[in-house]
Amino acid sequence: MANYHYMMSADEVAQELNCSKSYAYKLVKKLNQELAAQGYITIAGRIPKTYLAKKIYGYESLKN
């Protein structure tokens, strides 16, 4: 797990979704607010990859 990055930055979200960085920051902020409302600790400007996949693509988990 040394090279696995659990969190995505807003810049990486912008690349993944092919959207502007400003929209990616808004999206990350919204998703972090959802996580905080559920009682999770969040990091500004970063979102867990699995949570983004669940919200955008409908995936429940990313199993290898």
Side-chain angles (χ1 to χ4, degrees):
M1 197 165 174
N3 291 330
Y4 181 73
H5 299 286
Y6 173 71
M7 304 289 277
M8 290 181 77
S9 68
D11 290 339
E12 292 171 323
V13 171
Q15 286 181 325
E16 176 73 22
L17 301 179
N18 195 26
C19 66
S20 68
K21 288 183 182 181
S22 63
Y23 180 75
Y25 276 101
K26 289 176 188 176
L27 182 60
V28 168
K29 183 177 180 178
K30 179 183 181 292
L31 294 176
N32 274 335
Q33 288 172 343
E34 290 178 9
L35 286 170
Q38 295 173 30
Y40 292 99
I41 296 171
T42 61
I43 300 172
R46 301 210 175 257
I47 191 77
K49 286 182 180 183
T50 53
Y51 191 68
L52 180 71
K54 178 181 175 184
K55 295 299 284 190
I56 300 296
Y57 305 116
Y59 299 149
E60 284 297 320
S61 66
L62 297 175
K63 295 181 181 178
N64 293 336

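What you see below is based on every heavy atom in this structure, not just the backbone, and it leaves out hydrogens, waters and symmetry mates.
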Margin query: Going by side chain to side chain contact (heavy atoms under 4.5 Å, CB included), name the residues that satisfy it together with E34, two or more places apart in sequence or in a different chain.
Written below: K30, L31, Y51, K55

Note to self: Would the distance check show the side chain of E12 and the main-chain N or O of S9 forming a donor-acceptor pair, the cut-off being under 3.5 Å?
What the structure shows: yes

Check: Do I47 and L35 have side-chain heavy atoms sitting under 4.5 Å apart?
Finding: yes

Check: Roughly how far apart are Q15 CD and D11 CG, rounded to 0.5 Å?
Finding: 7.5 Å

Notebook entry, point to check: Are any of the side-chain heavy atoms of L27 and L17 separated by less than 4.5 Å?
Noted result: yes

Item checked: Any I43 side-chain heavy atom under 4.5 Å of N32 side chain -> no

Checklist line | Atom pair OG1/CD of T42 and Q33 - distance to nearest 0.5 Å | finding: 9.0 Å

Note to self: As a test of understanding, state which of K21, M8, R46 forms a side-chain contact (heavy atoms from CB on, under 4.5 Å) with V13.
What the structure shows: M8

Item checked: Set of residues satisfying side chain to side chain contact (heavy atoms under 4.5 Å, CB included) with respect to S22, sequence neighbours excluded -> S20

Notebook entry, point to check: Do M7 and Y25 share a hydrophobic cluster, counting only Ile, Leu, Val, Met, Phe, Trp and Tyr and linking them when any side-chain heavy atoms are less than 4.5 Å apart?
Noted result: no

